[in-house]
Student: 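The structure is given below, and queries will be raised subsequently.
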Number of protein chains: 2
Amino acid sequence: MDVKTTCLGVLALGPASGYEIRKAFEEGPFSHFAEGGYGSIYPALTKLTKEGLIDGRKEEQAKRPDKNIYHITEAGRQKLVSSLETVQPAEDKIKSDLLFMLFFADFLPREHIAAAIDARIGWYREKLAHMRGCMETGAAHLSQPVAGAMCSGATSGPHIVRDFGIAVYQAALDFLEQERGAIVASAGTKPMTATGTAQDAAE
Amino acid sequence: MDVKTTCLGVLALGPASGYEIRKAFEEGPFSHFAEGGYGSIYPALTKLTKEGLIDGRKEEQAKRPDKNIYHITEAGRQKLVSSLETVQPAEDKIKSDLLFMLFFADFLPREHIAAAIDARIGWYREKLAHMRGCMETGAAHLSQPVAGAMCSGATSGPHIVRDFGIAVYQAALDFLEQERGAIVASAGTKPMTATGTAQDAAE
DNA sequence: GTCCGCATGTAAGTAGTTACATGATTCA
DNA sequence: TGAATCATGTAACTACTTACATGCGGAC
């Protein structure tokens, strides 16, 4: 999903500034599927404003820099709905760099493979602990009362996303924990630049 | 993983043309983590050649267009290994458009949510059937005997990738099948442009 | 007194997608 | 005869990342 659409999604829950949208991408349920730095968020907000999908209002703050608070417009809501309705079933391929590395496990140093798997197991455990620990509904970053009104408990979306993430990460973790021994055992048995590789066979 | 590195990975298994690399991305174990059309593969091969990581040889064919067969060089092998060693534990976030849509399930038409989930369930089932049915080792697309020599059975990488993919897709499928009823039941209960949404609350 | 958080934005560069351009063979 | 497969490449465009630029307030 492109940054413009994810910004629109955040703003559908309530008004927010560019900085707050960034936080929504880093923490909370949006962090499971959205990404983007300031370098993509701010230009996206400018474009969305020009297209009439959102509008911005300056808000002065005491002892803090001014904020540009963006609100979604009716056109923006319609655009979000139409974007959501055109989601295609494909394109949910696993694109994992770790998997790419494991494909070549036999050709890489055993210690390296072991360390990479352990690091990933740790990452999954932390991720899962964090996801199980927090029940935030998606609008935790939003200060406006409106967000709370819309997202408090009754809305099931955030819970689905959270539980889906937990299910998938748990499966990945289980796999790595179970297969770690076998993968490490066969790792490094065919070093790429030594005897017995395709390079030699071809010559 | 960028296209240059994935091309290098395919070529580490044996010589191939740009067209054959494309096929490797579409079918076989590479399809689980690699992507790229001709528009990215051919420029990548040109760059890799200039960097001395691969070299190309023209091969004439009867009744077929000429092929440019690329071979990985020793420098290319080393580069691939160093790329694989710098894989970071992060960045394996689930970035799913379906999940993004389900986050807003309560605000979208019930029939649409049901159809989208069913389509995805079908996609997962097909994907899993295909993955379970084929035991290809990653070099199925390569005509050279060397690929067979390198990848026949003894190499565990392709199997790990395949089994990891199966585990993760199965978890995602199980979740959708179990939660389908609940998700559809709460879908469409809060249409975005009608009464009771943030839009109204803000006004 | 130095680093972190709050806050907004631009500029340059990287990487990838989509469409275009060509042309023979083979199969239905 | 029309579509699919084999085969290579370029050009224009889109989208995103990284680094730069600025500046105040509060915590340690």
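In the text below, chain A, chain B and the rest are named by the order of the sequence lines, each starting its count at 1. Since we're looking at a predicted model, the values are computed, not measured.
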Student: Would you say C:dC6 has OP1 or OP2 under 4.0 Å from some side-chain N or O of A:Gln61?
Tutor: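 So the side chain of A:Gln61 is outside the cut-off, no N or O lying under 4.0 Å from OP1 or OP2 of C:dC6.
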
Student: Given atom OH of B:Tyr19 and atom P of C:dG23, what is their separation to the nearest angstrom?
Tutor: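 One finds 18 Å between P of C:dG23 and OH of B:Tyr19, rounded.
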
Student: Quick check: are there more than 12 heavy atoms from other residues, nucleotides or ligands sitting under 6.0 Å from NZ of A:Lys79?
Tutor: no

Student: Quick one: list whatever passes side chain to side chain contact (heavy atoms under 4.5 Å, CB included) with A:Val81, sequence neighbours left out.
Tutor: A:Glu85, B:Leu108, B:Met192

Student: By nearest nucleotide on DNA chain C, pick out whichever of A:Pro43 and A:Asp66 is the more 5' one.
Tutor: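 Looking at DNA chain C, the more 5' nearest nucleotide goes with A:Asp66.
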
Student: Nearest nucleotide by nearest heavy atom, which residue falls closer to the 5' end of DNA chain D, A:Lys47 or A:Pro65?
Tutor: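 Result of the comparison: A:Lys47.
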
Student: Holding to side chain to side chain donor-acceptor pair (under 3.5 Å), I want the full list of residues that pass it with A:Arg64, two or more places apart in sequence or in another chain.
Tutor: none

Student: So if I take the C1' atoms of five pairs at each end of the helix from C:dG1-D:dC28 to C:dA28-D:dT1 and get each local axis, what angle do the two axes make, rounded to 10 degrees?
Tutor: 40°

Student: Tell me: NZ of A:Lys67 to C1' of C:dT8, nearest whole Å?
Tutor: 13 Å

Student: Check side chain to side chain contact (heavy atoms under 4.5 Å, CB included) between A:Ala75 and all other residues, then give those that pass, not counting sequence neighbours.
Tutor: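 In terms of side chain to side chain contact (heavy atoms under 4.5 Å, CB included), with neighbours along the sequence ignored, A:Ala75 is linked to A:Leu53, A:Thr73.
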
Student: Separation of A:Arg64 atom CZ from C:dT8 atom P, in whole Å?
Tutor: 12 Å

Student: Tell me every residue that passes side chain to side chain donor-acceptor pair (under 3.5 Å) with A:Glu111, counting only those two or more places apart in sequence or in another chain.
Tutor: none

Student: Within a reach of under 6.0 Å around CD of A:Gln61, are more than 12 heavy atoms found that belong to other residues, nucleotides or ligands?
Tutor: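 Result for CD/A:Gln61: enclosed.
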
Student: With a 4.0 angstrom cut-off to heavy atoms of chain A, pull out the first and last contacting nucleotide of DNA chain D, in 5'-to-3' order.
Tutor: D:dC16 to D:dG26

Student: Sequence neighbours excluded, which residues qualify as salt bridge (Lys or Arg N to Asp or Glu O under 4.0 Å) partners of A:Lys4?
Tutor: A:Glu51

Student: Who are the side chain to side chain contact (heavy atoms under 4.5 Å, CB included) partners of B:Ala115, not counting sequence neighbours?
Tutor: none

Student: Side chain to side chain donor-acceptor pair (under 3.5 Å) with A:Arg110: which residues, sequence neighbours excluded?
Tutor: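 Checked A:Arg110 against side chain to side chain donor-acceptor pair (under 3.5 Å); zero matches.
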
Student: Tell me every residue that passes side chain to side chain contact (heavy atoms under 4.5 Å, CB included) with A:Thr46, counting only those two or more places apart in sequence or in another chain.
Tutor: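 In terms of side chain to side chain contact (heavy atoms under 4.5 Å, CB included), with neighbours along the sequence ignored, A:Thr46 is linked to A:Lys50.
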
Student: Starting at atom NZ of A:Lys23, determine the distance to atom C1' of C:dT8, rounded to an integer number of angstrom.
Tutor: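 Rounded to the whole Å, the gap is 15 Å.
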
Student: For nucleotides 16-19 of chain C, list the nitrogen or oxygen atoms of the protein found under 3.5 Å from its nitrogen or oxygen atoms, one pair per line.
Tutor:
residue	atom	partner	partner atom	Å
C:dG16	OP1	B:Val3	N	3.4

Student: Which part of the nucleic acid does A:Ser17 contact within heavy-atom distance under 4.0 Å: base, sugar-phosphate only, or nothing?
Tutor: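 Sugar-phosphate only.
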
Student: So what does B:Tyr70 touch, heavy atoms closer than 4.0 Å: a base, only the sugar-phosphate, or nothing?
Tutor: sugar-phosphate

Student: Listed by chain and number, what are the side chain to side chain donor-acceptor pair (under 3.5 Å) partners of A:Asp2, not counting sequence neighbours?
Tutor: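 Only A:Thr5 meet the side chain to side chain donor-acceptor pair (under 3.5 Å) criterion with A:Asp2.
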
